Amino acid sequence: MDKIEITGGQKLSGQIEISGAKNAALPLMITSLLTPETLTLKNVPNLRDVNQLKIILGNHGTDLTVDGKRANGNKYIGDTVHLTARDIVDTTAPYEMVSTMRASFWVLGPLLARCHEAKVSLPGGCAIGTRPVDLHLQGLEDLGAQIDLEDGYVLAKAPGGLRGGRVRFSKVSVGATINVLMAATLAKGETIIENAAIEPEIGDVANCLVKMGAKIEGIGRKTLQIQGVDALEGAVHTVLPDRIETGTFLMAVAATGGEVELIGALPETLTAAIDVLTTAGVEITPTDRGLKVARRNTPLNPIHIETQPHPGFPTDLQAQLMALMTIADGRSVIRETIFENRFMHVQELARLGANISLNGDTAIIEGVSILNGAPVMATDLRASVSLVIAGLVADGKTQINRVYHLDRGFEKIEEKLSNCGAQIERVSD
Ligand code: UD1
C-alpha cells in the first residue's frame with residue numbers, strides 16, 4: 001500500500017493548477033443517467049472516486065470514453081469524459097460498488113426518474129459520523145416515490161413516473177438537494193425545493209442540467225423551482241475548479257510560509273475560508289489567473305470558527321484549518337456542526353506534537369512553536385490532507401500511511417507540492 005513521506009521545513013513557492021472539483025464532477029457524471037444522449041464533461045479530475053463512479057455508471061449501462069492527451073503536456077486541463085447512457089441496462093447499484101463512496105447513492109434519483117424504479121445499496125464513504133439518507137428518501141417520496149428498505153438496500157418505485165411536489169428539507173443537505181433536483185427534472189409538473197443547499201457544486205450541476213434542457217429557476221438560492229420536462233438531451237459542460245483543493249493549498253502555504261499562485265482558483269466560491277485566513281494574518285490577493293497566497297515571517301493569529309453549510313466555513317476544510325492552527329500564536333477554537341465524528345485527525349496531529357483537546361463538537365487548539373515528524377495514519381479524505389499540511393511544517397520526516405484516502409479526492413498532490421519546493425514523495429511497498 002502506498003505511503004507518502006514528507007520532510008518538513010521547506011517554504012512553498014511557485015504555481016499550482018487547481019483541478020476540477022471532485023464534488024461537482026461526481027454528480028455531473030451521474031446526471032448522464034438522465035438522458036440517452038451524450039454528456040461531455042471537461043476538466044474532470046483523475047481521482048479514485050471518479051474512477052469508481054465510472055465503474056458504477058458502466059454497470060447501469062453508461063458507455064464512457066476519455067479523450068487522450070499528449071504525454072508531457074505541461075498545462076493542467078483535466079480529462080474530457082463522454083458519457084452516454086443510451087439504455088439503462090440495470091437499475092441496481094450493488095453494495096460492492098457503492099460501499100466505498102457515499103456520492104454513488106445519488107444515482108437513486110436519476111434512475112427513479114428515468115426508469116421509474118431503482119435498487120441502491122445504502123452508502124458508505126468516509127467514516128465521519130452516521131451520515132443518514134432520510135432527507136434523500138423523504139424528498140423522493142414527496143415526488144411520489146414508494147420506498148422500502150430491505151437487506152441494506154433502498155428499493156424505490158414510481159409506477160407511471162415521478163410527479164412534481166413540494167420538498168422542504170428540515171436540514172441542509174448537499175446530497176439530498178442534488179438527488180431530488182436531478183429527479184425533479186424529469187418529474188411531471190412543478191417541484192419546489194425549499195431549504196436547498198447552495199454549495200457552488202450544486203449550482204454547477206444545475207447549470208449543466210439547464211444545458212441538457214432542464215427548467216430550473218433559483219440556481220444559487222435556497223429555493224429551487226423545477227418544471228419537469230419529458231426528456232433531457234446531451235450537453236457539453238466544464239467542471240468548476242475545486243474550492244476545497246484551493247482552500248487546502250491556501251492553508252498549506254499559510255503553514256509553511258512562502259508565496260504561491262493558485263491558477264484557476266475561484267475566490268468567490270470560498271470567501272469564508274479566505275476571510276478566516278486573512279484574520280489569521282495570511283495575505284491572499286486575487287490575480288487575473290486565480291489567487292495568490294503568501295505568508296512572510298509574520299506569526300499566525302489564532303481563530304475561532306464553526307463549520308456551516310455554504311456560504312459558511314466548509315466542514316471539508318476543518319481538518320486542514322486545524323492543522324494550520326496547531327502552530328498559531330495562541331489558542332484557537334474550532335466547532336464542527338455538520339458531521340459529529342469529524343475529528344479523527346486530532347489524535348494523528350497529536351502524534352506530531354500538536355496540543356488539541358476535544359470537548360464534544362469543539363476542538364481547542366493551543367498553538368505550539370514546533371511540530372515533529374512521525375508516522376501517522378490517514379483516516380478519511382480531508383483528515384489525510386491535514387496530515388500532509390502538518391507534515392510540511394514538521395521538523396524531520398512524516399510518513400503518512402493509508403494514502404488511498406488522499407487519492408479519493410486530491411489529484412497529483414505530491415507532484416503539485418513538490419513543484420513548489422516541498423520534499424514530498426510517494427513510496428510504494
Ligand atoms: C457532501 C460532500 C462532502 C461534504 C458535505 C457537507 C460530496 C460528494 N460530498 O456530502 O464532501 O463534507 O456535503 O458539505 O459532495 N444528513 C441527514 N440526512 C440525510 C442527508 C444528510 O441527516 O439524508 C446530514 C448529514 O449527516 C450531515 C448533514 O446532513 O450532518 C450534511 O450532510 P450532506 O450535506 O448531505 O453531506 P453529503 O452530501 O453526504
Side-chain angles (χ1 to χ4, degrees), residues 20-31 44-45 47-50 52-53 56 98 100-109 120 122-142 147 149 154 156 167-183 193 195-206 222 239-240 242-245 247-248 269-270 272-273 306-321 335-345 361 380-386 405 408-410:
K22 169 183 89 79
N23 286 356
L26 298 175
L28 283 166
M29 289 168 70
I30 292 173
T31 62
V44 177
L47 297 169
R48 245 168 56 110
D49 274 8
V50 166
Q52 181 62 21
L53 184 58
I56 293 166
V98 307
T100 56
M101 189 196 358
R102 184 174 164 83
S104 50
F105 187 71
W106 306 352
V107 300
L108 180 63
V120 179
L122 287 163
C126 283
I128 51 171
T130 48
R131 303 186 86 173
V133 291
D134 54 316
L135 300 170
H136 299 242
L137 303 185
Q138 181 63 54
L140 293 171
E141 280 176 343
D142 290 341
I147 295 195
L149 297 183
V154 173
V167 179
R168 179 165 170 78
F169 289 124
S170 55
K171 185 172 183 181
V172 177
S173 162
V174 171
T177 301
I178 289 180
N179 220 338
V180 175
L181 170 65
M182 291 190 289
I193 305 179
N195 201 24
I198 54 167
E199 268 63 5
E201 295 76 21
I202 295 173
D204 206 33
V205 171
K222 295 203 64 68
V239 179
L240 98 166
D242 197 318
R243 68 193 162 99
I244 303 301
E245 189 197 27
T248 300
T269 60
L270 72 164
E306 58 178 42
T307 59
Q308 286 293 338
H310 195 75
F313 188 89
T315 175
D316 284 352
L317 286 174
Q318 179 256 106
Q320 298 89 315
L321 182 65
R335 182 165 168 248
E336 172 59 59
T337 72
I338 310 287
F339 292 114
E340 76 269 23
N341 193 19
R342 202 168 209 184
F343 281 136
M344 284 173 302
H345 42 286
D361 62 3
D380 72 52
L381 174 54
R382 311 303 177 183
S384 53
V385 84
S386 77
H405 287 294
R408 288 187 46 211
F410 288 91

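Bear in mind that the values here come from a model prediction, so they are computed numbers and not experimental data. Numbering of ligands and ligand atoms starts at 1, following listing order.
Considering both main-chain and side-chain atoms, D134 comes within under 3.5 Å of ligand 1 through a nitrogen or oxygen pair. Considering both main-chain and side-chain atoms, L135 comes within under 3.5 Å of ligand 1 through a nitrogen or oxygen pair. Residue contacts with ligand 1: I338 is placed with a nitrogen or oxygen under 3.5 Å of a nitrogen or oxygen of the ligand (distance criterion only). Considering backbone and side-chain N/O atoms, R382 never comes within less than 3.5 Å of an N/O atom of ligand 1. Note: no N/O pair closer than 3.5 Å links L26 and ligand 1 by distance alone. Any N or O atom pair closer than 3.5 Å counts here, and F339 shares no such pair with ligand 1.
Interface of W106 with ligand 1, defined as ligand atoms under 4.0 Å from a residue heavy atom, comprises 7 (C), 8 (C), 15 (O), 38 (O).
Of the candidates T315, T177, I202, T337, the one placing a heavy atom closest to atom 6 (C) of ligand 1 is T315. Comparing K171, Q318, R342, K22 against atom 29 (O) of ligand 1, the shortest heavy-atom distance belongs to K171.
Residues T248 and Q320 bring a donor and an acceptor atom of their side chains to less than 3.5 Å of each other.
Looking at every heavy atom in both residues, A25 comes nearest to V239 through N-CG1, 3.9 Å.
Contact check on E201 versus K22 returns no salt bridge, with no Lys/Arg side-chain nitrogen under 4.0 Å from an Asp/Glu carboxylate oxygen. In this structure, D49 does not pair ionically with R102, as no charged nitrogen and carboxylate oxygen lie closer than 4.0 Å.
Ligand 1 does not have R408 within reach: every non-hydrogen atom of the residue lies 4.0 Å or more from it. The shortest separation from a heavy atom of A197 to ligand 1 is not under 4.0 Å, leaving the residue out of contact.
With sequence neighbours left out, F105 forms a ring pair (Phe, Tyr, Trp, His ring centres under 6.0 Å) with H136.
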